[in-house]
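Structure, as structure tokens:
Since the model is a prediction, treat every value here as computed from it, not as a measurement. Both ligands and their constituent atoms are indexed starting at 1 by order of listing. Computed from heavy atoms alone, side chains included, the values below leave out hydrogens, waters and symmetry copies.
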Amino acid sequence: MPTRVFDIAIIGGGVIGLTLARELGARGAKVAVIDAGDAVPQATPAAAGMLAPSFENCEEFGGPSEALYRLGSRSLELWKSYAAALEEETGIFIDYRNDGALGLSYRDAQTQDLAEQAVRVKKLGGAAEMISGAEARALEPALSKEVAAALYAPEDAQVDPRRVMAALTVSLNALDVEMVRTRVLSLGEGDAARQFASADGDVFAAEKIVVAAGAVSGLTPRGLVYPVKGEATAVAAEVVLTRVVRAPGAYLCPKAEGRLVIGATEELGPLIDHHSVSDAAIAGLRANAGRAVPALETAKELERWTGLRPGTPDGAPIMGRDKEGRFLALGHYRNGVLHAPAAAEAMAALILGETPPFDLAPFDPRRFGPGRFSPGQGG
Ligand code: GLY
């Protein structure tokens, strides 16, 4: 017999799980979020919070890049009101900034790549323009003289993911969303498909189960959601950057209280230590940041960390249902924070039996081939 029975159980309390819980809770549904906390490496608190559809799409994977771009740009638009509403409701500042982003080049080949990216973004209806190094320095005077050109994406934005998580937690509390702190180890099959078991030996059941777990949950078939490690650091910003700067080999995100996040490495494979942060990785990021903004070379380090992005084979998220009828909202790779409001509205509609506001077919789990989502165990 199950220990507890829920109406809707969301497995995974990252930004995707929590925004979905808020959407469902606000619509009157009875929701519980089951989350392992820091017992497993998390993606959201490690993220820089860039809301950057102009730079982040899955072109290089040959996946559904137009659909991915449209998901990102829809969600970027939603963030404007989402951020304001979340702050007003909770009184928690989430450091939403929509000053745009600059992608830098130092040489012709990089300029060419950025120019091609600008053309793609404009073709998809986004805002992107190539500007000279001098024009980039007029926007951000701390940039190096070495900067030859830049892609300026005036509508890209950012938030502080840790502040967002704090605000969502307050919001969910007010909505009576139950938070259960335990690690889910397995999902039931067949007649037991409405059940799942935890590391504490409990068996839970729910009318509707949503899997929004991270990269190392082991709740998806092997190889479909896998960890892509990212190391990052924060420094005391001795120079003022007003917007996100994406330099070759490092992105720089100015945050509140004089903090500047410099990210991030990308590493994957079976031999990766998921928990360590290496001096070499941080030194590499610092060198790349210092090349773009020389005054950062001596900036004091405040913190360093690592996180695990939930990668998928084509770089696009998985939103839909598995063969057991469970709902899947996972695999947002580099863009969970960006996608969260749009993913929440679409997944809430699906869960409540409504038509989602945009086509989820490009993100359907079945795109990976028959049988990959039946049943929900593996890892
Ligand atoms: N979205 C930036 C990163 O994943 O590092």
Side-chain angles (χ1 to χ4, degrees), residues 14-16 19 41-61 63 65 68-69 71-73 75-76 79 94-98 100-104 117 121 126 151 153 155-165 214-216 225-235 241 243-255 259-268 272 274 277-278 281-282 284-286 288-289 292 303-317 330-343:
V15 71
I16 296 293
T19 47
Q42 302 161 302
T44 307
M50 291 183 291
L51 311 176
S54 310
F55 292 92
E56 302 266 348
N57 65 36
C58 62
E59 194 75 19
E60 69 264 39
F61 297 93
S65 60
L68 189 61
Y69 177 82
L71 170 64
S73 60
S75 212
L76 177 69
W79 261 111
I94 63 165
D95 205 4
Y96 171 78
R97 303 172 185 218
N98 60 352
L102 280 176
L104 309 184
Q117 177 73 1
V121 169
L151 190 170
E155 289 171 4
D156 282 12
Q158 61 167 327
V159 286
D160 184 324
R162 296 180 193 175
R163 293 177 191 268
V164 170
M165 294 293 277
V216 291
V225 181
Y226 51 82
V228 183
K229 180 180 175 181
E231 289 162 79
T233 182
V235 298
L241 282 181
R243 53 181 63 70
V244 170
V245 168
R246 300 175 65 111
Y251 51 74
L252 286 59
C253 305
K255 303 291 183 190
R259 202 166 160 266
L260 185 119
V261 172
I262 302 173
T265 60
E266 278 226 353
E267 247 188 314
L268 69 166
I272 303 293
H274 290 152
V277 190
S278 77
I282 301 302
L285 292 170
R286 293 289 306 253
N288 293 333
E303 194 190 345
R304 55 173 69 185
W305 65 88
T306 184
L308 298 180
R309 307 173 183 91
T312 63
D314 60 7
L330 69 173
H332 288 264
Y333 182 35
R334 297 176 59 95
N335 289 299
V337 181
L338 169 64
H339 292 169

Inset, instruction - Provide the closest heavy-atom pair for P341 versus W79 in the form atom of the first, atom of the second, distance. - result: CD-NE1, 3.3 Å
Legend entry - Numbered atoms and elements of ligand 1 in range of A264, under 4.0 angstrom, heavy atoms: 5 (O)
Legend entry - Minimum-distance protein heavy atom relative to atom 4 (O) of ligand 1: R309 NE, 2.6 Å
Inset, instruction - Specify the protein heavy atom at minimum distance from atom 5 (O) of ligand 1: its residue, its atom name, and the distance to 0.1 Å. - result: Y251 OH, 2.5 Å
Legend entry - Closest approach of D156 to P53 (non-hydrogen atoms, all atoms of both residues): OD1-CD, 3.7 Å
Inset, instruction - Mind listing the closest non-hydrogen atom pair of L338 and L76 along with its distance? - result: CD1-N, 4.0 Å
Inset, instruction - Run the salt-bridge test on E56 and R309 with the 4.0 Å N-O cut-off and return the result as yes or no. - result: no
Inset, instruction - Under 4.0 Å from a heavy atom of M50: give me the atoms of ligand 1 that qualify, with their elements. - result: 2 (C)
Legend entry - Numbering as shown, the atoms of ligand 1 that approach E56 to under 4.0 Å (heavy-atom distance): 1 (N), 2 (C)
Legend entry - Closest protein heavy atom (residue, atom, distance) for atom 1 (N) of ligand 1: R334 O, 2.8 Å
Legend entry - Part of Y333 within contact of ligand 1 (heavy atoms, under 4.0 Å): neither
Legend entry - From Q42 atom CD to M165 atom CE, the distance as rounded to the nearest 0.5 Å: 6.5 Å
Inset, instruction - Would you mind reporting whether R334 and E266 have side-chain heavy atoms less than 4.5 Å apart? - result: yes
Inset, instruction - Check each heavy atom of E266 against ligand 1 and say whether those closer than 4.0 Å belong to the side chain, the backbone, both or neither. - result: neither
